[in-house]
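Below is one structure, written out as structure tokens; the observations come after it.
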Amino acid sequence: MGVLLQKLQEVLLSVVPIFLIVLSIHLFFVPLEAYLLIRFIIGTVFITLGLTLFLLGVDLGVTTLGANVGEKIVKMNKLWIIVLAGLVLGFVITVAEPGLLVYAQQIELVTGGALLSTVLLFVVSTGIALLLVVGFMRIIYNIPLHYLLTVLYGVVFLFAIFTPAAFINIAFDASGATTGVLSVPFILSLAYGISHLKKDSKAGEKDSFGTIAIVSAGAIIAVLVMNLFVTDFSLSGEPILQAINSETVWGSFSAVFIVALSETFFSLVPIILVLMLSQFLLFKMKTRQFIHIIKGFIYVFLGLVLFLLGVNGGFLDVGFRVGQSLIA
């Protein structure tokens with residue numbers, strides 16, 4: 001219970017300021033319709049409860065899984081296993097990142113379906129996975145971080161020369177969306193485990209950081225490369241306007257509930273499969289510890305459903321309406 005209250009406090013410190021700012025805008029600048037305001041309040045509650053359960057589940061399940069995998073990889077001390085683990089784990093963790101899920105949905109809306117959310121998720125997750133392997137190689141072979149980042153962002157700027165401005169915006173925002181509450185602790189725990197391959201423990205701890213910066217570049221490069229294969233692309237606000245069509249309090253929540261449930265299920269299935277395979281092939285953890293991790297993933301599932309429900313049902317339409325009114 002103490003850990004749950006601690007997570008709730010952390011989430012409240014993040015969510016309450018947003019709630020108060022929107023409430024102040026409503027009172028003094030842009031009055032919202034009653035159904036929108038109530039929907040925003042309910043969405044805030046859903047997001048608060050969802051993130052609390054999600055963060056609790058990350059600590060119990062995801063971070064523990066990452067630490068165990070990293071430790072096991074180190075003990076095997078085989079390069080091909082490190083490469084394979086980086087590819088698989090980098091992909092499945094990014095696919096389940098809540099911020100990226102929301103971002104991909106919005107990109108599909110504003111491009112009128114030219115960029116499908118599933119395609120963007122696959123492309124970004126692939127870029128993260130490939131650069132996670134590069135990050136592992138940097139740690140193992142003692143490659144200075146500033147040299148590697150110089151090369152990576154040189155590639156980014158080279159691609160950006162031949163990329164439309166709108167696509168550049170999408171690429172850099174995708175990078176930010178991938179570094180969230182799920183991927184960051186998992187990637188850091190993996191990198192820390194890989195760094196234990198070094199005999200110098202202090203150097204290993206130092207080199208375990210910087211991996212997030214490397215994988216972020218992977219998301220940007222992946223989206224810029226995707227631009228080469230997208231021919232019919234344009235940005236428009238009309239799809240968002242069409243999406244906001246319910247003037248009832250619960251109408252938007254009921255409309256997005258099945259979507260939130262299905263997206264959460266399919267985003268977490270790959271991680272669950274990794275957990276099951278790791279248990280039977282690598283870890284063979286004690287039953288009590290395995291159940292503990294499963295419990296963490298249940299919290300992650302419930303929290304992610306509530307989070308997506310609150311964002312898509314209560315936050316997005318209010319944010320759009322406030323932004324539109326302020327500009328007008």
Side-chain angles (χ1 to χ4, degrees), residues 8-52 54-55 97-115 117 120 165-181 233-260 263 303-328:
L8 178 59
Q9 183 180 8
E10 291 176 5
V11 173
L12 286 175
L13 288 174
S14 301
V15 175
V16 168
I18 299 173
F19 175 79
L20 293 178
I21 290 172
V22 174
L23 190 62
S24 299
I25 292 175
H26 162 70
L27 292 175
F28 300 108
F29 300 103
V30 183
L32 298 171
E33 294 88 338
Y35 75 91
L36 276 179
L37 183 61
I38 296 173
R39 190 187 294 172
F40 176 73
I41 295 172
I42 296 173
T44 302
V45 173
F46 281 161
I47 288 175
T48 301
L49 294 176
L51 279 179
T52 301
F54 183 86
L55 291 175
E97 178 59 50
L100 185 60
L101 288 172
V102 174
Y103 182 70
Q105 292 169 357
Q106 291 304 294
I107 292 300
E108 181 173 342
L109 286 174
V110 299
T111 59
L115 292 179
S117 60
L120 187 61
F167 229 99
I168 295 175
N169 298 338
I170 292 174
F172 276 85
D173 281 349
S175 172
T178 58
T179 52
V181 292
F233 170 77
S234 63
L235 291 176
S236 171
E238 295 181 0
I240 288 185
L241 288 171
Q242 295 170 5
I244 306 172
N245 55 14
S246 175
E247 296 187 0
T248 63
V249 172
W250 293 104
S252 62
F253 293 108
S254 60
V256 300
F257 175 72
I258 299 299
V259 176
E263 288 188 345
L304 189 51
V305 171
L306 287 173
F307 173 80
L308 292 176
L309 198 60
V311 169
N312 294 323
F315 261 44
L316 293 183
D317 51 356
V318 172
F320 177 82
R321 192 64 55 87
V322 168
Q324 185 185 42
S325 299
L326 286 175
I327 292 299

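These numbers come from a predicted model, not from an experiment. What's counted below: heavy atoms across the whole structure, side chains too, no hydrogens, waters or symmetry copies.
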- Message: Let me confirm one number: the CD1-CG distance from Ile107 to Leu100, rounded to the nearest 0.5 Å.
- Response: 10.0 Å

- Task: Would you check, one step at a time, whether the test ring-ring contact (aromatic ring centres under 6.0 Å, His included) holds for Phe46 with Phe307?
- Result: CA-CA 6 Å; Phe46 281 161; Phe307 173 80; over 10 Å; no

- Task: Kindly compute the distance separating CD1 (Ile25) from CD1 (Ile21), expressed to the nearest 0.5 Å.
- Result: 7.0 Å

- Looking only at heavy atoms, which two atoms of Ser117 and Ala104 are closest? And how far apart? CB-O, 3.5 Å

- Query: Measuring from Leu51:CG to Leu8:CG, what's the distance to the nearest 0.5 Å?
  - Reply: 10.5 Å

- Message: To the closest 0.5 Å, what do you measure between CD (Gln105) and CG (Leu316)?
- Response: 8.0 Å

- Derivation and outcome, side-chain contact (heavy atoms from CB on, under 4.5 Å), residues Glu10 and Leu13: CA-CA 5 Å; Glu10 291 176 5; Leu13 288 174; 5.7 Å; no

- Rounding to 0.5 Å, atoms CZ (Arg39) and OG1 (Thr44) come to a distance of 13.0 Å

- May I ask you to test the Val322-Phe29 pair for a side-chain heavy-atom distance under 4.5 Å? no

- Task: Evaluate the side-chain contact (heavy atoms from CB on, under 4.5 Å) criterion for residues Leu120 and Leu115: first the C-alpha distance (whole Å), next the side-chain angles of each, then the deciding distance (0.1 Å), finally the verdict.
- Result: CA-CA 7 Å; Leu120 187 61; Leu115 292 179; 5.5 Å; no

- Side chains of Val259 and Asn312: closer than 4.5 Å at any heavy-atom pair? no

- Query: What pair of heavy atoms forms the shortest contact from Phe253 to Gly313, and how long is it?
  - Reply: CE2-C, 3.6 Å

- Query: Take atom CZ in Phe257; do more than 12 heavy atoms of anything else shown fall under 6.0 Å from it?
  - Reply: no

- Query: Would a distance-only check, ignoring hydrogens and angles, find a side-chain to backbone donor-acceptor pair under 3.5 Å from Tyr103 to Ile170?
  - Reply: yes

- Decide yes or no for Leu308 and Val256: does some side-chain heavy atom of the first lie under 4.5 Å from some side-chain heavy atom of the second? no

- Message: Does any part of the side chain of Val22, heavy atoms only, come nearer than 4.5 Å to the side chain of Phe40, both counted from C-beta?
- Response: yes

- So OG1 of Thr48 and CG of Leu306: to nearest 0.5 Å the spacing works out to 10.5 Å

- Any idea which heavy atoms bring Ala260 and Leu309 closest together, and the distance? CB-N, 4.3 Å

- Message: Give me each pair satisfying side-chain hydrogen bond (donor to acceptor under 3.5 Å, both in side chains) with a member in residues 23-34, each pair once, sequence neighbours excluded.
- Response: Glu33-Arg321

